[in-house]
Each structure stands twice: as structure tokens, then as C-alpha cells.
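Below, chains carry the letters A, B, ... as their sequence lines are ordered, and counting in each starts from 1.
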Amino acid sequence: MDQASEPARYDFAAAEPRWQAAWNDRDCFLAPDVPPADAKKYYVLEMFPYPSGKIHMGHVRNYTLGDVVARYKRATGHLVMHPMGWDAFGLPAENAARDRGVHPGQWTYNNIANMRAELKRMGLSLDWSREFATCDPEYYGQQQSLFQDLMAAGWVERKESWVNWDPVDNTVLANEQVIDGKGWRSGAPVEKKRLSQWFMQITRAAPELLGALDTLDRWPERVKLMQANWIGRSEGARVRFELAQSVDGVTDVEVFTTRPDTLFGMSFLAVAAEHPLADAAAKRDPAAAAFIAECRAQGTSEAAIEQAEKRGFDTGFFVKHPFNGQEYPIWIANFVLMEYGTGAIFGCPSGDQRDLDFARKYDLPVLPVVLPPDADPRDFTIGDVAYTDDGTIFNSGFLNGKTVPEAKRAAIDALEQKRAGKGIVNWRLRDWGVSRQRYWGCPIPVIHCDACGVVPVPKDQLPVKLPEDVDFSRPGNPLDHHPTWKHVNCPQCSRAAVRETDTFDTFVDSSWYFARFCSPRATVPLTKAAVEAWLPVDQYIGGIEHAILHLLYARFFTRALHGMDKVATPEPFAGLFTQGMVTHASYRAADGRWLYPEEISVDAEGVATEKATGAVVAIGRGEKMSKSKNNTVDPGAIIDRYGADTARWFILSDNPPERDMEWSEAGVAGSQRFVQRLWRLVQTNLPLPAAEETPAGRKLRQTTHRAIAAVTQALETFAFNVAVARIHEFANAIAEAPAEAAGAKAEALDAITQLISPMMPHLAEELWSTLHPDGKLVAELDWPVADPALLKAETVTLAVQVNGKLRSNIEVAVNEGEDAIFAAALAEENVSRAIDGKPIRKRIHVRGRIVNFVV
RNA sequence: GCGGGCGUGCCGGAAUGGUAGACGGAAGCGACUUAAAAUCGCUCGGGUGCAUGCCUGUGCGGGUUCGAGUCCCGCCGCCCGCACCA
């Protein structure tokens, strides 16, 4: 077949770079640091990527979602800021250095260059003038300055503590980075180690971080819930028990309880293996020491899984009960956590399942103290199930007869009177340890001097830059090994001193980058005018995996900076959207090998076989894309083959954006068909006839304006898949419009071009330039507004029901009188047959919707 | 165990208490073509019928209502988060 008769197709490969250049040339997406006072600002931000070297489909989804919002908001009269940067510090760069001999900085900046080019191919409406990487000395220097401000404001503390030590990565992990007792990156069992560390005092902000969740009305409920659980507020009492005999000078032990009402049900006191009293027992008794060692081993490795058994060791120490004066034994127990409360509990077996399990195992007494509502105190006993519900207190001296809440209050009052305890609120949240023994991170800007202690590096000497010449061949922290870098003179006394060789947790870097974007080149961390103008971020978009860590730290930073009058709002992100994962089918041979899609073929029944062997292959539906499962799809290859618009459109059309989406070849191909179809729709209607009012034309105009309203509504609510469906319907309607409607087609084609523009910006420009060769860009146009007059129909189709069952449809004028409507409905043959002469008991008419006869 | 979310065709999914399955994908049939691709048309929850139709149908069982996928009660199943949190 010759070339000439080949049907013309939209050449996305030529068009997309052309429009990207046009946007760039006209500075379409630049925003000022300080917007004019009358501007409606809108700050759209997607979580910035780690520069691994290539973008993946998760990025494509994330940035497509953000770009739709940014472009839509820009078109609806907002001054949009939509920046991009790089979360560029972190371990993979050091691993690359160790394994391949390339410097982390070089590796990182190369990766950034690759990924920037890939992102640019997506046609995102980004303000690239604001770009920075957290490993730029300009950025991390300002972070060092900010850290010193936080120190001065009292948010930072250096303390010795038990830390989670990752023996493979040779670094400290935050609690949040320990998953099932293993390091979140290395997967190695985490060990406990005692180290001197820098901490952000996030616990001081716990009440506000919890309370302010209520103000975040555009956050997903489940994220707020996860944060609330993580912060973990619980009301109770701290109770001090005197030891019957002091141990190594220790005279008492404190416990935290939420159930002071059950104090009379006590039968033992238990401490964690790391508790000082456990140490004391270990010194006296090798068996105790052995038990503690066992607990420690168990605490880190497989324990979490087979957590079943409660085990303990009787120390032989005793405490005196604050109320009844009796003595109770102190045990070391493997289920008591040093990290929570005081690392000690009092055991009330009748009211707590764990305590009960423990008591049964070691034959400790079980005294019921809460009587269920309809139980008889003379014969009520506890079997293998503790009673944790409400009831009446008994067997409990002065608390007898009270309800549980009453007894809690009375017990706390009594404790406070005896100075043996007090009512407190306990938090699960721990302070945030930010020290990491790594090279590729922001150096902590302090100097340790034997004479002066910890001295901040003077601000005029910031940034404390990372040395370039480092050795990654030895395990541990290269900064610590460096021959010269850490040796400096004390800024205060000028004597020989050493730099801090730890660097910050990378979550510090991402805790304020959104604020830095407001004035990314400023010579101070934040400029007040820019930050006040732009923050909070109006729409933040990212993965649910950051629901706790990143989002909580960013909230904490913002709150602290707000208190220091550096940020005007206490919360960084007014709106949060968490997108689902991108998944893909996977193929696994019977012997467990993961096969690439190219290696298999699928027959008509959907049975997959391996091409090489002919053996049947198991198809996994919708598994998270991962290199190990050979089911990743490279965005670059997709854009080569289909173009950015097609990829964007498919990602938006498949399903609601908060759910996981399955990437499928058929789906992308379908989106590509629609791209071509729209292009043809415009081409085949050219040249457009002049506007002319005809009945058919009016109908098309109504369709046009309804589409505008529906798509606008869908975009406002993040229902992008619905927006796509409405656009499909609209395209169908334009294609099917009769010849008499031609006079309304120009308006329809203009509208559909604009409606697709947030989602398929290149195609929109291409179509617009065909429809209006006057040089204007869609990116510069105002969003179309539906004409209310055209949204109202003259006639409406009413469903006619008899006893709630659909029997017919009638077409009536919108403001037809009720009597006429009922008459018309009854005139329908189906309706009269269904009524079958029975008397009509009730007639219902909902205007514009339905008529229902009850017979 | 605690907390949250969700169950709709073959699949993704739509549906202010008011015509369930929009829209898309897959599949099948047909047109065009020497053939294919591309494109266009038709069918597409189940049952029944010559048929305008009729019956049935949104995990299961009840309820409220003229009317329930949607609201209420009780189950079942799946997914996610947290988890010896005292």
C-alpha cells in the first residue's frame, strides 16, 4: 500500500517535544516567590523522588495526578506553584560508591540528570526554576542553619539512649525504620546498642500533633488515624512502689497503668529485661542474667512472629503495695517493653489477658476485682479469659462498689494523697533520633570540644561541606575514618576539637523542603514573605507508605518553625491525597522462576505458557511492580511507543486514583486509540461551519455544557476516572451528532480540547493550534464555564414505576404540571397493564426523576 | 486482639435514597481489505419469550421506605494499618 492512502495519524513523537518547548519558551509554569496580594495562590506538590536513576510507574502516576491538579487550578484562575526537586541523600549512593567506585555525589547527580530528562518527557507543568537537590550544599547548608535555630529554640537534645542498630548498614535506625525487628532497608535483625545521639523532641509536640489532626479536613481519615495510633495517647497513672528492701541503693520502682482501679487485683510486678532492676538481679544471679540475654535475643529476631509465650524470671525482690501494704514479687518478664511507659508494670491477672497468661503459667494468684454487671460476687471467678469490660469494683477496699471510671479517679486521688503516684497522660511516640553514622547525608553542624562541650559551627562558616575524598572500602562511617576532615579548632576556645561525624537522617531533609521551594535560592533557610504567601501546600500528593514517618516529621518541623515565627501556618499540608500503587501481572514458572511478559504466550482461554518450554505458567494478578518479579514496565519505553499523553490518560482512566491500579498493555493500547480518535474527530470536522442555531445544534450545545459541568465536577473531587468517562461520552456525542448540528461543533471541539488539557496537555495544544491557528496556548487559557441556561433541558425523561418497579419512560416538558404528568404516565400501555385496573392508593412524583404509582 | 476500609457483569469501574451496570477493557459476530493492521457497526449479568415484554439480579439474612447498591441491625468474606502499648 502506498504512503499517500495511509490514513493520517497524530504524530505524538514530533508534537510532544514541540509543545514542551513552547511552554518552556513562554515560561508558562513559573511562579513568583511572592505572589501579588490579589492572587489566588495554589501550591501543588508531589512527594519529591529519590534519584535512583530511573523513574518508575509509581512516579508517573504520582506526577500525572499532581499535574492534572496543577493545570486545572492554573486554568481556573489560580496562581499555581508546582515545583520539583530531589530527595538526594541516602544509602544507595554509598552502596554504589562501595560497589562500583563511583563517588556518591557523581552517582546522584548523574541519576538526577537522567530522571529530570524522563520527567520532562512527561510534559509536566513544573516550575523547574525552583529545582534543588537536598545534597546541594546550598540546601543542606541552610538545613544546618535551621538545625542550629531549632537547637537554640530548645527542640534538640543530645542524649545517650538505647538505639536500634542495623549491623549490616552500620547505622542507627528510628523506631519507625524497624519493621518486624528488622532494618527497613537491609532486612537484617536489629540489635540494641547504647549510643550518644541527637534527638528532635517531637514528643513535646505530641499533644498538638494529635489535636491538630482534627483540623486537617482534607486529609484521608485513615492517615489521620494511623498518625493518632502512632502518637498513642493514653490516660492513666504513674504508680510508685517501694521496694521491701533497697537494691543497689534503689528504693522504689515506678509503673505506668491505665487501670489504677484494679490495683487491688495485683499479684506481681514485672519489669523489662533492660530495666535497672533486671540488671541488679543479673548481678546477683547468673540465671537472671541468662534469662535477660535470652529476652534480648528473642526481642530482636523471630520473636515478633511466635510472640505467643509469656515468660518470666522471679528476681526474689519484693515491693510494697501502696494501698494494702502487702508484699508482691518482682519478676522480669519478656512481654514488658522498656520503650513504653516506665518499663515496668503491675500485674493484675483478672483484668489483663497477658497478666493472666503469665499468672497461670507461674501459678500466681488471680483475684477478680471488677464484677461484671450480672455476675454474683460469691461465685464469680476468672478462668482463662481476663475480664476487661466495665463493671462494679469489689475485693478492693475503699474502691468497692464504684464503677470502673469512678474507681480510676478515686485510686488516682488516693495515690496522689499518699504521694505514691499521680494521674498522667502517657504517649507512645518517642523522640526522633536523627543521628546516622553515614557519609552521604547532611553533616550535623557541631563541634565537640573537651573544654567547651558541644559548640555549634558558627553560621558564617556554614555549610559544613562533606569532604570529597572519602574511602568506602571500610565498614562504618567514612567521615569518622577521614584523616583530616573532623579535626578542627574549637570556635570558642580555639583549642583542638573534633567535628561531629554523624549526619542527619534523610527524613530531616524532607521535613522542610516544601517550605524551601517557596524561595529556593534565598541565602537564609526560609524567607518570611515567600513562606507566608505560599504555605500551606494546598494539595500534597504521594504514597500511603509515608503516612506516618515523613508526614509526621514534616508536621513537627512546621509546628516548631511556626513557634519560632519562621512559618505562618502550624500545618504544612492543607490537603493530602494518597495514591495507590501501580501493579502488573506477573508470570511464574512451576519451578518458581519469574518470567518476563516476552517469555510467555497467552491463549484464548487465558492460559499462559512459557514459550521456551511450553509449560503452563501461573499468572499473578496485580502484584506490585518489582524488579525481582520481572513485572516492571519502563515509563521511558511506554512514552517512546505511545507518547506521554497516552500514558497519562491510561493512568487516569483505569480506576480511582487512591486505589491500586493494574498496568495492562491492552489498557494503554486502548488509550492510544482514544488519542488518535480525538485527533481524527477534529481533523474530519474541518473546516468548521459558522455557528448556527438549529434544534440538533442546541442539543449538542447542551451536551457540551453538561460535559463541561460534569468534567469540572469530577476534577474537583479527584474522580479522574469519572472525568475520563465523561470525556469519552462527550466525544461519542460529537461524533454521532447529526449534520444539522454542525453549527455547534466548533464550540464542542473547543470544549473537549480544553477538557482534556489537564490530562493530555500535548494533544490539547495540538488540537487547539489546529482549531485556532492564532498562536495561543491551551496552557494559557481560562477553564471553560458551563452556561447554566444550557444545563437545563426543555424536556426530561421520567421513569414511570408501578409499585417501585420500572414500567415505562415518558418524555415531558421540564415544568409540566403534575396532573398532566400523571395522565401521560397512565396513558402508557405498559403502565396501565401493570396497574391492571387496581385502585391507585398513592401517586408519587419527583420532579425530573420519577413517577411511581402504588396500587 | 484493636482500629479502619471494601464486597456491583469476564475485568477496571459508574450510579445527590429515584431507570443498576454509565464509560472503558477483554471477548464474540459482521462490514471494509487479496490479506492483515487500522477503522466502523452489532452482541455482551442470568433466565424466559414470537413479542411491545416479563421474571430475576449489587456477598448473605432481616428491617426502614412508595422506592435501597446507597440508610439501619445481624452475619460471611477480603484488604490495609497497628500490635505483648500495660
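- Listed nucleotides B:G18, B:U39, B:G13 differ in distance to A:P656; the shortest reach to its side chain belongs to B:G13.
- Side-chain proximity of A:A725 to the nucleotides B:G13, B:C40, B:C23 is greatest for B:C23.
- Side-chain N/O atoms of A:R428 include none lying less than 4.0 angstrom from OP1 or OP2 on B:C84.
- When both pairing distances are held under 3.5 Å, B:G74 makes a Watson-Crick or G-U pair with B:C60.
- Within 4.0 Å (heavy atoms only), A:I844 reaches at least one base atom of the nucleic acid.
- Using a 4.0 Å heavy-atom cutoff across all strands shown, A:N229 reaches no nucleic acid atom at all.
- Counting non-hydrogen atoms under 4.0 angstrom, A:N426 reaches nothing in the nucleic acid.
- The residue A:R849 sits close to a base: some heavy atom pair falls under 4.0 Å.
- Taking the P atoms as reference points, B:U16 lies 34 Å from B:C2, given to the whole Å.
- The side chain of A:R833 lies closest to B:U52 when the candidates are B:U52, B:G81, B:C80.
- Contact annotation: A:K805 reaches the phosphate of B:U56 (side-chain N/O to OP1 or OP2, under 4.0 Å).
- Taking the side chain of A:N732 as heavy atoms from C-beta on, and the options B:A14, B:A86, B:G24, the nearest nucleotide is B:G24.
- Taking atom C1' on both B:A26 and B:G77, the two are 27 Å apart, rounded to the nearest angstrom.
- Comparing the same atom, P, in B:C40 and in B:C50 gives a spacing of 36 Å after rounding to whole Å.
- The phosphate of B:G18 has neither OP1 nor OP2 within less than 4.0 Å of any side-chain N or O from A:R847.
- Rounded to a whole angstrom, the distance from the P atom of B:G9 to that of B:G4 is 27 Å.
- Residue A:E729 is classed as a sugar-phosphate contact, given heavy-atom separations below 4.0 Å to backbone atoms only.
- Comparing B:G49 with B:G62, their P atoms sit 29 Å apart, to the nearest whole Å.
- Residue A:V336 is classed as a base contact, given a heavy-atom separation below 4.0 Å to a base.
- Nucleotides B:C72 and B:G5 place their P atoms 12 Å apart, quoted to the nearest Å.
- The backbone N or O of A:A834 lies less than 3.5 Å from no partner atom in the side chain of A:R807, so there is not a single donor-acceptor pair.
- In the displayed structure, A:R360 atom CZ is contacted under 6.0 Å by more than 12 heavy atoms of other residues, nucleotides or ligands.
- A:S671 comes within 4.0 angstrom of nothing in the nucleic acid, heavy atoms only.
- In this structure, A:E658 places its CD atom where more than 12 heavy-atom neighbours from other residues, nucleotides or ligands lie under 6.0 Å away.
- Counting non-hydrogen atoms under 4.0 angstrom, A:R673 reaches the backbone sugars and phosphates but no base.
- Here A:D355 lies out of heavy-atom contact (under 4.0 Å) with every strand.
- Closest to the A:N830 side chain, of the nucleotides B:U39, B:C54, B:C66, is B:C54.
- For the C1' atoms, the distance from B:C29 to B:U34 is 22 Å, rounded to whole Å.
- One can place CG of A:N809 at 14 Å from C1' of B:A20, the figure rounded to the nearest angstrom.
- At the heavy-atom level, A:S653 lies nowhere under 4.0 Å from the strands shown.
- At a threshold of 4.0 angstrom between heavy atoms, the contacts of A:R807 are confined to the sugar-phosphate backbone, with no base atom among them.
- Spacing of P atoms, B:U70 relative to B:G59, comes out at 8 Å, to the nearest Å.
- With its glycosidic angle within 90° of 0, B:G9 is assigned syn.
- The aromatic rings of A:F241 and A:H321 sit perpendicular, their planes meeting at an angle over 60°, well past the 30° parallel limit.
- A:R841 comes within contact range of no nucleotide atom at all, as no heavy-atom separation falls under 4.0 Å.
- Within the 4.0 angstrom heavy-atom criterion, only backbone atoms of the sugar-phosphate kind lie near A:N655; the bases stay farther away.
- The neighbour count for A:R641 CZ, taken as heavy atoms of other residues, nucleotides or ligands under 6.0 Å away, does not exceed 12.
- Taking the six-membered ring where the residue is Trp, A:H546 and A:H550 present perpendicular rings, their angle passing 60° and hence far from 30°.
- The aromatic ring centres of A:F12 and A:Y642 sit 6.0 Å or more apart.
- With RNA chain B read from its 5' end, the first of the two nearest nucleotides for A:V854 and A:E736 is the one closest to A:E736.
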